[in-house]
**Q** 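Below you'll find the structure I mean.
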Amino acid sequence: MFEAQVLHLLRRYLGEYVNDLSLETLRISVWQGDVVLKDLKLKAEALNSLNLPVAVKAGFVGTITLKVPWKSLGNEPVIVLIDRVIVLAHPTPDGRKLKEEDREKLFVAKIQQIEEAEAATLEAISGSNLENPPPGNSWLGSLIATIIGNLKITISNVHIRYEDCFSNPGHPFSFGVTLAKLAAVTMDEQGNETFDTSGALDKLRKSLQLERLAMYHDSDNLPWKIDKKWEDLSPKEWIEVFEDGINEPAADNEVVSMWAMNRNYLVSPINGVLKYHRLGNQERKNPDIPFEKASLVLSDVALTITEAQYHDWIKLLEVFSRYMAYVEISHLRPVVPVSKESYVLWWRYAAMAALHQRKMCYRFSWDQIRHMCQLRRRYIHLYASMLQQSSRVVNIEIREVEKALDSKVILLWRLLAHAKLESVKSKEAAEQRRLHKKSWFTLGWRTQSEDASDGDAFDGSQLTEERLSKEEWRAINKLLSYQPNEDLMSHSGKDMQNMIRFFVTVSISRAAARIININQTEIVCGRFEQLHVSTKFKHRNTHCDVTLRFYGVSTPEGSLAQSVCSEQKVNALTANFVHSPVGENVDWRLSATISPCIVTVISLILEGKGDSKVYINVEMDIFTCTTHLDLGLVSLTIDSVY
């Protein structure tokens, strides 16, 4: 029973991303115990879910190991180990010049996102209805929840690289993300690793460890070239090219390969720990205790950006923005090329696209409204009929209709089909219960009105019915009015305003950011220490508190600004921000307290014998300034300026 579930999940999630996934190999591995898959190649459409103009040029997964303790499944965690995930990506062609196969890939990605949203909505609704699960399924459901809640995942040696020669013409660039290790385990209240058998999925408590997460960006850098096709590389060659630079060097004098040489880091390797805690449904009674809590602790963070990198990112974001705009209106685009015969279609497309981007209502004619209504009825009938089939073979007519519709419209019509089918099933079940209650004696005394009502009930159960019954409208309203936070409605209005839904804290011990000009000269460097940010997300407002122990700004010539701490003021900055404060007629409120700081300004010397410096001590509203200018011709001293 569990082996079949594991096999189904492996096929469902791995089959979308890797090639040549043998069903027989999976079946043998699952039945033997540990599942070990080696040297997998990623599909070109593995990144389609991002909905960005990015495709996989080549990809490689070293090993995927699934350790299932069949003999003690409810007492030991299932372990998932993924080692060496390597992705080489490149931009896809511009949306206005797509080939037919590229358009088909876009459509497949669109349908995949719709199906994910549809499944998530139906699952959330069904979960909200299952307040008291049947006794026969309670043990199985509890066991599955325990397994998923205690899942132990480790991902190591990740390198994702993107090469682009088109976004910034004449300036090819590449950037990548590397990760040495990412491990997620279940923990107890003291932060120690444990195995929770009491509703681990309901009251989730996880710890995520991050090791050497980094991001690099090489401007004016041509794509890597090798003697063979990327997809023909052997596992050893994949590791040789991409693995260097992911982990910390074993020795200071270790030789770096040519592939990792002169790498310019936007974000230098950082380590951190993320802890997440979610209360169970039965524990959400005290509004002062957060329902969900997450804390992120980072040690040292170093950011560096150059002028060339800034221009590359601006160009890349422009390409992404144009692509997103195109995808949003692609369902309105005519399928015929621009010509004298089709100019009316293209002018109509231009007008509809402009209205769509401005979020304005379309002024449909009555013929268009009638056509859309007929199309809706036809689509709902076809989709509901498909849901009743065991094989779930997609009708070609359904796909043709979906190509011309927006994703949100398709999702709405699918939910209407589910509601219609649910209404039909409920009426059929009610009819079966009514017939079952009648005895053999009363069957012979049925009146003509009862026979007529039976016929009406049978006719109403057909999916071809044009009008919606009261039951169908009730099912539709239940689907469309569902809110993911309906469990919060059980609290009173006063508690709703004060309850903390999410509580997020971020702590960074030290951080620095540098800006470098086109000549590779540092312009300015900012740094801070002991930053702590805590945010409370309540029902209608948001509270954010920020404390900072030290900050400073410097240039190659010297320090520009630096905070000064004292016994009375330990923190350099203390700030509080509230969005939509309760009981106040304001949109937001901000209060901040800044400790004294020293500002040094180094001016240019026209005819001078030394540097000119201005020292400014800032505290509250009082500014104390002392300056001395010595330009050789004029000597000026100003003290106590308020």
Side-chain angles (χ1 to χ4, degrees), residues 43-57 59 87-114 116-117 160-177 215-223 266 305-339 342-362 402-411:
K43 293 182 178 180
E45 57 272 15
L47 299 179
N48 281 0
S49 59
L50 297 178
N51 200 21
L52 293 174
V54 178
V56 176
K57 182 187 295 185
V87 179
L88 180 61
H90 66 138
T92 57
D94 187 86
R96 292 163 291 185
K97 303 176 183 178
L98 288 178
K99 300 178 182 178
E100 187 60 32
E101 55 268 23
D102 295 325
R103 295 180 186 273
E104 187 64 27
K105 290 179 181 178
L106 278 178
F107 179 67
V108 170
K110 168 185 172 182
I111 295 300
Q112 182 180 355
Q113 290 180 345
I114 294 172
E116 291 176 356
I160 302 174
R161 178 179 172 87
Y162 174 80
E163 298 176 338
D164 195 335
C165 296
F166 305 100
S167 298
N168 192 4
H171 299 278
F173 64 91
S174 60
F175 67 86
V177 177
M215 182 176 181
Y216 65 88
H217 183 116
D218 298 329
S219 300
D220 294 318
N221 186 275
L222 293 173
L266 273 174
I305 184 169
T306 65
E307 188 175 347
Q309 292 171 347
Y310 171 78
H311 289 299
D312 292 340
W313 278 101
I314 290 297
K315 293 293 184 181
L316 181 62
L317 293 177
E318 288 178 355
V319 171
F320 284 177
S321 177
R322 288 196 301 267
Y323 180 84
M324 296 294 289
Y326 167 77
V327 170
E328 189 177 358
I329 60 175
S330 59
H331 64 283
L332 304 173
R333 188 181 179 90
V335 295
V336 296
V338 180
S339 62
S342 62
Y343 73 93
V344 176
L345 295 176
W346 283 96
W347 275 113
R348 183 181 299 169
Y349 163 69
M352 298 287 283
L355 290 172
H356 190 280
Q357 289 183 337
R358 291 179 177 271
K359 307 299 181 183
M360 296 174 64
C361 298
Y362 305 121
E402 290 173 340
K403 287 182 179 180
L405 294 176
D406 184 67
S407 301
K408 296 179 181 179
V409 176
I410 298 173
L411 179 60

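Position 1 is the first residue of the sequence, and the numbers go up from there.
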**Q** Given 3.5 Å as the limit, does a donor-acceptor pair link the side chain of Ser342 with the main chain of Pro337, or not?
**A** yes
**Q** Minimum heavy-atom separation for Ser174 and Arg161, please, with both atom names.
**A** OG-NH2, 3.0 Å
**Q** Look at atom NZ of Lys57 and say whether more than 12 heavy atoms of other residues, nucleotides or ligands are closer to it than 6.0 Å.
**A** yes
**Q** If you take all heavy atoms of Pro91 and Asp164, which pair is closest and at what distance?
**A** CG-OD1, 3.6 Å
**Q** Set out, in order, the CA-CA distance, both residues' side-chain angles and the distance that settles side-chain contact (heavy atoms from CB on, under 4.5 Å) for Asn168 and Leu316, then state yes or no.
**A** CA-CA 7 Å; Asn168 192 4; Leu316 181 62; over 6 Å; no
**Q** Using 0.5 Å steps for rounding, measure from the OG atom of Ser167 to the NZ atom of Lys315.
**A** 10.0 Å
**Q** Could you report the tightest heavy-atom contact between Ile410 and Leu405, atom names first, then the distance?
**A** CG1-CB, 3.7 Å
**Q** Please find the pair of heavy atoms, one from Asp220 and one from Gly170, that lie closest to each other, and give the distance.
**A** OD1-O, 4.4 Å
**Q** Please tell me whether Tyr343 and Trp346 form a close aromatic pair, meaning their ring centres lie under 6.0 Å apart.
**A** no
**Q** Is the OH atom of Tyr310 crowded by more than 12 outside heavy atoms at less than 6.0 Å?
**A** no
**Q** After noting the C-alpha distance and the side-chain angles of His311 and Ile314, does the key distance pass the side-chain contact (heavy atoms from CB on, under 4.5 Å) rule?
**A** CA-CA 5 Å; His311 289 299; Ile314 290 297; 5.7 Å; no
**Q** A quick test of your reading: do over 12 heavy atoms of other residues, nucleotides or ligands sit less than 6.0 Å from CZ of Phe320?
**A** yes
**Q** Does Val177 form a side-chain contact (heavy atoms from CB on, under 4.5 Å) with Tyr162? I'd like the steps, not just the answer.
**A** CA-CA 9 Å; Val177 177; Tyr162 174 80; over 6 Å; no
**Q** What are the two closest heavy atoms between His171 and Asp312, and how far apart are they?
**A** O-OD1, 4.2 Å
**Q** Look at the rings of Trp313 and His217 and say which category their plane angle falls in: under 30° parallel, 30 to 60° tilted, over 60° perpendicular.
**A** tilted
**Q** Are Asp218 and Tyr216 linked by a side-chain donor-acceptor pair shorter than 3.5 Å?
**A** no
